[in-house]
Amino acid sequence: MNFGMIIIWVAFLFGLLAMVYSYLGFRREDEKYRILSSRLEIACAVLVTAASVMLMYYLYDVAAFFEYVYNHSSLDLSTYYRLSAFWAGQAGSLLLWAWAISVMLLVLRYSFRFSNGNVFMVTRILSLGILSVFLMLLVLDNPFAVYYSKAGSVLVSNWNPFVHPYHLTDGQGMNPLLRNPWMAVHPPILFLGYAAFTIPFASAIAGLILNDSSWRKIANNWMRVSWLFLTAGIGLGGFWAYEVLGWGAWYWSWDPVETSSLIPWITATAYLHTIYGRQGQFRFLAPAMAIFSFILVIFATFVTRSGMWASVHSWQDFNAESLLIGIFLAGITLVGTSLLAKRYFEEQD
């Protein structure tokens with residue numbers, strides 16, 4: 001039985017239910033729903049962690065009957081690169097992203113002093129919704145998809161956990177461009193920064209919905225975390241590009257995907273500058289920068305995974321996962337800009 005595939009499905013179900021019960025607990029002010037939501041959130045984080053550990057073990061062991069392992073790991077790779085193959089492809093990087101969001105939500109929940117406040121609860125509902133979207137992407141592009149044999153042909157199963165795996169002794173290994181020490185650390189640092197943008201975005205939306213400026217008590221420190229990880233990720237990517245891509249004396253080449261990661265860094269930097277303004281000085285700009293930073297992160301993800309522009313970073317052509325990311329991007333852009341416009345015109349009256 002393919003337990004990894006089942007774990008991804010159950011994690012998605014638990015994440016979705018955690019969001020639903022959190023919403024019901026907020027609307028009905030019912031502590032039973034909140035407790036159930038909390039337990040489901042913890043269970044979801046445990047399952048995503050278990051799936052991550054399993055995938056890393058399969059990559060290390062070169063269990064090549066898994067499609068993801070076959071495409072990114074091989075016996076000739078050192079342990080260092082077998083483990084870093086975790087984020088060498090789309091499914092693995094999305095799993096890393098989902099794991100980071102689930103862990104950060106738990107850190108927020110147990111570290112924030114005002115965890116019973118309305119802003120915190122709406123922030124948590126929205127963050128769980130975002131986590132559910134990433135888990136849905138993993139359901140569609142399961143990292144535990146397995147090769148199996150049928151009527152003399154080798155096929156891939158993304159939905160049936162009971163198929164008998166087709167035996168493969170070795171994988172095709174990692175893309176040679178990725179076999180570099182800088183590249184092994186650049187993606188996880190970048191994805192941790194991307195994941196951390198979830199919380200400032202969700203808290204800014206919560207603040208706009210509730211017209212409560214206390215959202216910045218949540219957002220400020222998490223934006224600092226996002227900015228630090230994103231800065232480090234972009235810098236490490238520059239060293240990798242310098243050594244591997246032959247950009248000569250330059251660490252930057254305005255590659256479309258590379259540039260799309262720089263833009264949220266600029267908006268995050270702008271947000272950090274608003275922290276030091278006078279109280280109430282940036283009532284519109286601060287939430288706008290928090291919201292658009294996350295929107296631009298999702299846009300960067302869409303660019304990478306949709307084949308929109310030719311890039312050394314692009315992984316594939318447009319498919320069902322790209323469509324879901326595009327719909328998610330359109331949805332958060334519509335919601336974010338609508339709330340910002342509403343608040344702006346209210347302040348003008």
Side-chain angles (χ1 to χ4, degrees), residues 6-51 97-139 195-223 225-226 286-287 290-291 294-295 298 324 327-328 331-332 334-336 338-340 342-343:
I6 294 172
I7 286 173
I8 294 294
W9 296 344
V10 177
F12 167 63
L13 179 62
F14 282 3
L16 193 61
L17 288 174
M19 179 192 68
V20 171
Y21 282 118
S22 181
Y23 174 76
L24 292 174
F26 172 71
R27 292 291 295 178
R28 301 180 182 180
E29 298 183 356
D30 191 326
E31 190 64 23
K32 290 186 294 184
Y33 284 125
R34 294 174 186 172
I35 293 171
L36 181 56
S37 172
S38 174
R39 290 174 179 173
L40 286 166
E41 179 189 353
I42 293 170
C44 178
V46 169
L47 288 172
V48 174
T49 302
W97 197 332
W99 174 81
I101 293 175
S102 65
V103 171
M104 289 173 182
L105 270 175
L106 291 178
V107 171
L108 172 66
R109 185 167 149 63
Y110 289 107
S111 64
F112 190 62
R113 290 181 299 167
F114 308 104
S115 58
N116 292 321
N118 287 340
V119 169
F120 173 85
M121 287 189 281
V122 175
T123 298
R124 183 168 170 270
I125 292 167
L126 295 170
S127 299
L128 286 169
I130 292 167
L131 174 61
S132 298
V133 170
F134 280 94
L135 292 172
M136 186 187 299
L137 286 167
L138 288 169
V139 169
F197 276 113
T198 301
I199 295 173
F201 168 80
S203 61
I205 293 290
L208 291 173
I209 291 172
L210 301 171
N211 196 18
D212 189 335
S213 62
S214 66
W215 67 273
R216 297 194 67 169
K217 294 178 181 178
I218 301 174
N220 286 355
N221 285 334
W222 283 100
M223 188 61 87
V225 171
S226 306
I291 289 168
F294 183 73
I295 289 173
I298 301 301
L324 180 57
I327 292 170
F328 178 55
I332 61 174
L334 179 62
V335 170
S338 298
L339 287 171
L340 284 168
K342 179 176 179 291
R343 184 66 62 221

Find the distance between [atom1] ([X]) and [atom2] ([Y]) and round it off to the nearest 0.5 Å.
X      : Y      : atom1 : atom2 : answer
Lys32  : Leu24  : NZ    : CG    : 12.0 Å
Cys44  : Leu131 : SG    : CG    : 5.0 Å
Ser37  : Arg34  : OG    : CZ    : 10.0 Å
Ile298 : Ile130 : CD1   : CD1   : 7.5 Å
Leu210 : Ser203 : CG    : OG    : 11.5 Å
Leu208 : Ile291 : CG    : CD1   : 5.0 Å

* For Phe328, does the CZ atom have more than 12 heavy-atom neighbours from other residues, nucleotides or ligands under 6.0 Å away? ->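 Yes, CZ of Phe328 has more than 12 neighbouring heavy atoms, counting only those of other groups under 6.0 Å.
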
* Asked: Near Tyr21 OH, under 6.0 Å, is it more than 12 heavy atoms from other residues, nucleotides or ligands?
  ->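 Counting neighbours around OH of Tyr21, 12 or fewer heavy atoms of other residues, nucleotides or ligands fall under 6.0 Å, so no.
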
Would you indicate whether the side-chain heavy atoms of [Y] and [X] approach each other to under 4.5 Å?
X      : Y      : value
Leu105 : Glu41  : yes
Val48  : Leu135 : yes
Asn211 : Arg343 : yes
Val139 : Ile8   : yes
Tyr23  : Val20  : no
Pro287 : Trp215 : yes
Asn118 : Met121 : yes
Phe12  : Leu138 : no

Can you give me the closest heavy-atom contact between [X] and [Y], atom names plus distance?
X      : Y      : answer
Met223 : Ala290 : CE-CA, 3.8 Å
Val119 : Ala206 : O-CB, 3.8 Å
Ala195 : Trp97  : CA-NE1, 3.4 Å

* To do: Could you walk me through whether Ile199 and Met104 pass side chain to side chain contact (heavy atoms under 4.5 Å, CB included), step by step?
  => CA-CA 8 Å; Ile199 295 173; Met104 289 173 182; 4.1 Å; yes

* To do: Assess whether side chain to side chain contact (heavy atoms under 4.5 Å, CB included) is satisfied between Ile42 and Arg39, documenting all intermediate values.
  => CA-CA 5 Å; Ile42 293 170; Arg39 290 174 179 173; 5.8 Å; no

* Asked: Is there a donor-acceptor pair under 3.5 Å between the side chain of Ser226 and the backbone N or O of Ala196?
  -> yes

* Would you find a donor on one side and an acceptor on the other, under 3.5 Å apart, between the side chain of Thr49 and the backbone of Ala45? -> yes

* Asked: Between Phe197, Trp222, Phe201, which is the residue that forms a ring pair (Phe, Tyr, Trp, His ring centres under 6.0 Å) with Phe294?
  ->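 Option passing the ring pair (Phe, Tyr, Trp, His ring centres under 6.0 Å) with Phe294: Phe201.
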
* For side chain to side chain contact (heavy atoms under 4.5 Å, CB included), just list the numbers for Ile218 and Leu108, CA-CA rounded to whole Å, side-chain angles, deciding distance to a tenth of an Å, and then say yes or no. => CA-CA 8 Å; Ile218 301 174; Leu108 172 66; 3.9 Å; yes

